[in-house]
Student: 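Sharing a structure, written as structure tokens. Questions coming.
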Amino acid sequence: MTKPSCRNLVLVLGDQLDHEHPALAEADPGQDVVLMIETAGEAAYVQSHKHRITVFLSAMRHYAEHLRTSGWKVVYRELEEQVPSIASGLGDAVEVLAPDALWLTEPGEWRLLHGIRTQAAALDLECRIFEDSHFLCSHDAFEEWAQGRKNLVMEYFYREMRKHHGILMEDGKPAGGKWNFDKENRDSFGCNGPTHLPDARRFEPDVMTQDVMEAVERHFPEHPGSLENFGWPVTREEALEALEHFIDTRITRFGRYQDAMWAGEPFLYHALISSSMNLKLLNPGEAIEAAEQAWRKDGERAPIAAVEGFVRQILGWREFIRGVYWREMPGYRDLNHFEHDIPLPGFFWNADTPMNCLAQAFGDTLDNGYAHHIQRLMVIGNYATLTGLDPQAVCDWYLGIYVDAVEWVELPNTLGMALHGDGGIVGSKPYVASGSYINRMSNYCSDCTYDVTARSGDGACPFNSLYWDFLARHREEMSSTPRMRMVLKNLDRWSAEEVEAIQEHARAHRKSLHG
Ligand code: FAD
Ligand code: SF4
């Protein structure tokens with residue numbers, strides 16, 4: 001490294017590529033130096049998909065180039081330099097540049113925040129941490145909303161956010177006459193499958209991305225995924241184009257088919273902007289504004305149910321999930337409400353399973369570093385909960401495998417929403433379902449070796465026996481809601497022999513997972 005003079009060292013992390021970066025907004029290109037570090041440690045501490053590593057590193061290199069052309073001095077440590085960790089890269093930079101202070105925006109992971117603070121203290125370096133202005137709800141605002149509530153219910157948080165930011169509001173009332181259009185957003189496809197499905201907007205890798213892809217193949221040959229079909233946005237321009245493409249071509253059917261699944265169609269009508277938003281190439285406010293404007297301009301092309309569904313995901317779920325993460329960490333990560341401990345089966349890494357729904361969801365995931373929400377929640381997550389897989393291993397898998405995974409958003413979605421491992425902080429009840437839900441929402445079962453109508457015996461769908469076994473084992477807890485009490489009545493109607501046959505089928509399935 002050459003030695004530029006340096007007042008503040010501004011550390012920019014891989015998921016902080018904002019065009020309005022809070023620390024850079026106050027820094028001075030004439031006196032301050034930007035530090036960006038690629039480390040193998042960050043890519044490998046959970047087994048990361050090759051698309052995920054490429055998205056992060058390519059977006060970082062493009063961002064560094066943009067900063068340089070805007071007049072910043074940037075110290076950029078590439079993977080080839082083999083910097084073992086962010087802390088050690090920081091130590092190197094401080095030794096060479098001797099800055100007066102370290103500036104950074106708060107990281108998206110508790111582990112990094114803690115590690116950087118500790119390293120700054122060890123280096124005797126003043127450390128100024130800027131609040132992340134990317135989000136629409138600050139930590140203080142979330143805390144103020146959450147304080148004193150017995151349960152944190154996303155729906156109430158979301159309504160407050162709508163009112164506070166004046167989004168989809170008309171004369172103080174929710175646009176379209178109601179807050180929630182969920183009921184209209186649960187259709188499945190007919191037997192002919194999705195219609196009017198536009199191609200997803202994919203981006204041809206430029207020379208810089210190709211360099212990153214080569215480096216990823218060299219450094220992480222054993223990591224999951226193949227880079228042949230890499231096409232994720234890595235610059236702000238591409239991210240804006242992806243958003244525009246969604247609004248122009250897919251939003252019409254986004255809401256209605258939000259929960260639907262179809263074999264061989266990994267993207268359906270989803271927006272494909274989560275990696276861009278989580279890297280901060282795109283602001284949540286921009287995405288919300290684009291959807292609301294589309295509805296105001298043409299409510300047929302952008303129906304209120306679709307637009308409200310989209311806004312709910314970003315203004316509601318995304319902000320709520322972040323609030324929960326920072327409120328509950330660091331203890332949250334270790335919660336294991338059901339005391340599940342079964343290791344992950346091998347098909348999480350190769351999709352090699354006769355259960356077609358899982359083979360499709362894992363296949364899509366391994367091909368693209370992406371699966372849409374219902375595949376993550378009601379296929380893979382549902383299976384992990386019903387089977388009793390170790391929640392920390394499941395969370396590590398989700399954190400490594402998806403292009404949009406950053407711990408603040410991955411962890412509460414996986415441990416809380418999908419696995420109910422937090423005992424009800426994110427959701428009041430587990431999202432569990434039998435094979436009939438998957439059959440209703442997809443065409444997976446028609447091409448599966450298992451019989452989705454059977455609960456036990458040879459060839460019965462494992463989701464069925466695992467579901468009823470789960471309800472039987474957690475009967476008391478599950479009976480706390482009226483809807484579940486109705487479902488549990490089925491167990492009482494069946495003979496003891498039938499229930500035992502179902503539970504034996506579930507036990508045999510679990511046993512088969514590890515030989
Ligand atoms: P769309 O379906 O088109 O939705 C639009 C946007 O809404 C998304 O881009 C995303 O920013 C936001 N959004 C939707 N649902 C959620 C949610 N539950 N939490 C936060 N934001 C949401 N999302 C991540 O960004 N990173 C993760 O690591 C992640 N892990 C998940 C793990 C599990 C087990 C589950 C059930 C969900 C997870 N999600 C995660 C949420 C959601 O599945 C993804 O945001 C979505 O699939 C991304 O694809 P998309 O951009 O096409 O989204
Ligand atoms: Fe999945 Fe069962 Fe349907 Fe097969 S039959 S696809 S295992 S839900």
Side-chain angles (χ1 to χ4, degrees), residues 15 52 108 154 200 232 242-243 246 250-251 254-255 257-259 261 263 266-279 282 284 287-288 291 306 309-322 324-325 353-361 369-385 394-395 397-419 426-427 431 433-454 459-467 509:
D15 63 342
R52 179 173 184 258
M154 195 292 288
W232 294 104
L243 172 64
F246 166 70
R250 313 159 93 80
I251 199 166
F254 167 82
Y257 297 119
Q258 211 172 334
D259 289 0
M261 301 173 276
F267 304 129
L268 290 168
Y269 304 101
H270 293 275
L272 312 178
I273 55 167
S274 48
S275 59
S276 302
M277 275 209 289
N278 297 346
L279 263 55
L282 202 60
I288 291 169
F310 183 71
V311 168
R312 162 182 300 272
Q313 304 308 326
I314 297 175
L315 184 66
W317 278 113
R318 189 168 184 267
E319 298 287 333
F320 176 79
I321 285 287
R322 173 174 182 259
V324 168
Y325 177 82
T353 162
M355 299 172 75
N356 193 35
C357 52
L358 287 178
Q360 296 288 334
Y370 176 90
H372 59 78
H373 187 68
I374 289 299
Q375 291 177 304
R376 297 189 203 193
L377 183 66
M378 297 310 293
V379 179
I380 302 174
N382 182 21
Y383 178 78
T385 309
V394 177
C395 290
W397 181 84
Y398 273 92
L399 184 58
I401 213 78
Y402 290 113
V403 285
D404 52 32
V406 184
E407 197 181 70
W408 67 263
V409 56
E410 175 279 327
L411 188 62
N413 266 303
T414 310
L415 186 74
M417 191 190 299
L419 305 179
V426 165
Y431 281 92
S434 68
S436 64
Y437 173 85
I438 295 172
N439 193 29
R440 191 164 69 248
M441 298 310 295
S442 75
N443 65 340
Y444 295 154
C445 303
S446 57
D447 211 8
C448 183
T449 48
Y450 292 107
D451 178 358
V452 73
T453 62
C461 166
F463 269 95
N464 290 341
S465 55
L466 290 167
Y467 174 71
H509 178 79

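From a predicted model like this one, the values you see are computed outputs, not experimental measurements. Values reported hereafter were calculated over all heavy atoms of this structure, with side chains retained and with hydrogens, waters and symmetry mates removed. First listed ligand is number 1; within each ligand, the first listed atom is number 1.
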Student: Heavy atoms only: give me the nearest Val394-Ala384 pair and the separation to one decimal.
Tutor: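 Reported closest heavy-atom pair: CG2-CB, 4.1 Å.
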Student: I need the minimum non-hydrogen distance between Ile438 and Cys357, along with the two atoms involved.
Tutor: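 Ile438 and Cys357 have their closest heavy atoms at CG2-CB, 3.8 Å.
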Student: Assess the pair Tyr450 and Phe463: is the distance between their ring centroids shorter than 6.0 Å?
Tutor: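 Here the rings of Phe463 and Tyr450 have centres that are no less than 6.0 Å from each other.
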Student: Listing residue and atom name, which protein N/O/S atoms are closer to atom 2 (Fe) of ligand 2 than 2.8 Å?
Tutor: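 As for protein N, O or S atoms lying under 2.8 Å from atom 2 (Fe) of ligand 2, they are Cys461 SG.
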Student: Could you pull out the closest heavy-atom pair between Arg250 and Ala200, with the gap in Å?
Tutor: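 Shortest heavy-atom separation between Arg250 and Ala200 comes out as NH1-CA, 3.5 Å.
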Student: Going by salt bridge (charged side-chain N to carboxylate O under 4.0 Å, His left out), name the pairs with one or both residues in residues 434-452, residues two or more places apart or in two chains.
Tutor: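 Residue pairs passing salt bridge (charged side-chain N to carboxylate O under 4.0 Å, His left out), neighbours aside: none found.
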Student: Which pair of non-hydrogen atoms, one from Thr385 and one from Ala418, has the smallest distance, and what is that distance?
Tutor: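 That would be OG1-O, 2.9 Å.
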Student: What about Tyr467 and Tyr437, are their ring centers closer than 6.0 Å?
Tutor: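 No.
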Student: Indicate the atoms forming the closest heavy-atom contact of Ile374 with Gln258, along with that distance.
Tutor: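 For Ile374 and Gln258, the tightest heavy-atom pair comes out as CG1-O, 4.0 Å.
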Student: Could you list each nitrogen or oxygen of ligand 1 that sits under 3.5 Å from a protein nitrogen or oxygen, with the atom names and the distance?
Tutor:
from: ligand 1; atom 1: 2 (O); to: His270; atom 2: ND1; distance (Å): 2.8
from: ligand 1; atom 1: 3 (O); to: Ala271; atom 2: N; distance (Å): 2.7
from: ligand 1; atom 1: 9 (O); to: Ser274; atom 2: N; distance (Å): 3.4
from: ligand 1; atom 1: 15 (N); to: Gln313; atom 2: OE1; distance (Å): 3.2
from: ligand 1; atom 1: 18 (N); to: Asn413; atom 2: OD1; distance (Å): 2.9
from: ligand 1; atom 1: 19 (N); to: Asn413; atom 2: ND2; distance (Å): 3.0
from: ligand 1; atom 1: 25 (O); to: Asn278; atom 2: ND2; distance (Å): 2.8
from: ligand 1; atom 1: 26 (N); to: Asp404; atom 2: O; distance (Å): 2.9
from: ligand 1; atom 1: 26 (N); to: Asp404; atom 2: OD1; distance (Å): 3.1
from: ligand 1; atom 1: 43 (O); to: His373; atom 2: ND1; distance (Å): 3.0
from: ligand 1; atom 1: 49 (O); to: Tyr370; atom 2: OH; distance (Å): 3.4
from: ligand 1; atom 1: 51 (O); to: Leu272; atom 2: N; distance (Å): 3.4
from: ligand 1; atom 1: 51 (O); to: Ile273; atom 2: N; distance (Å): 3.0
from: ligand 1; atom 1: 51 (O); to: Ser274; atom 2: N; distance (Å): 3.1
from: ligand 1; atom 1: 51 (O); to: Ser274; atom 2: OG; distance (Å): 3.4
from: ligand 1; atom 1: 52 (O); to: Ala271; atom 2: N; distance (Å): 3.3
from: ligand 1; atom 1: 52 (O); to: Leu272; atom 2: N; distance (Å): 2.8
from: ligand 1; atom 1: 52 (O); to: Tyr370; atom 2: OH; distance (Å): 2.7

Student: Residues two or more places apart in sequence or in another chain: which of them pass ring-ring contact (aromatic ring centres under 6.0 Å, His included) with Tyr269?
Tutor: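 Counting only residues at least two positions away or on another chain, Tyr269 forms a ring-ring contact (aromatic ring centres under 6.0 Å, His included) with Tyr257.
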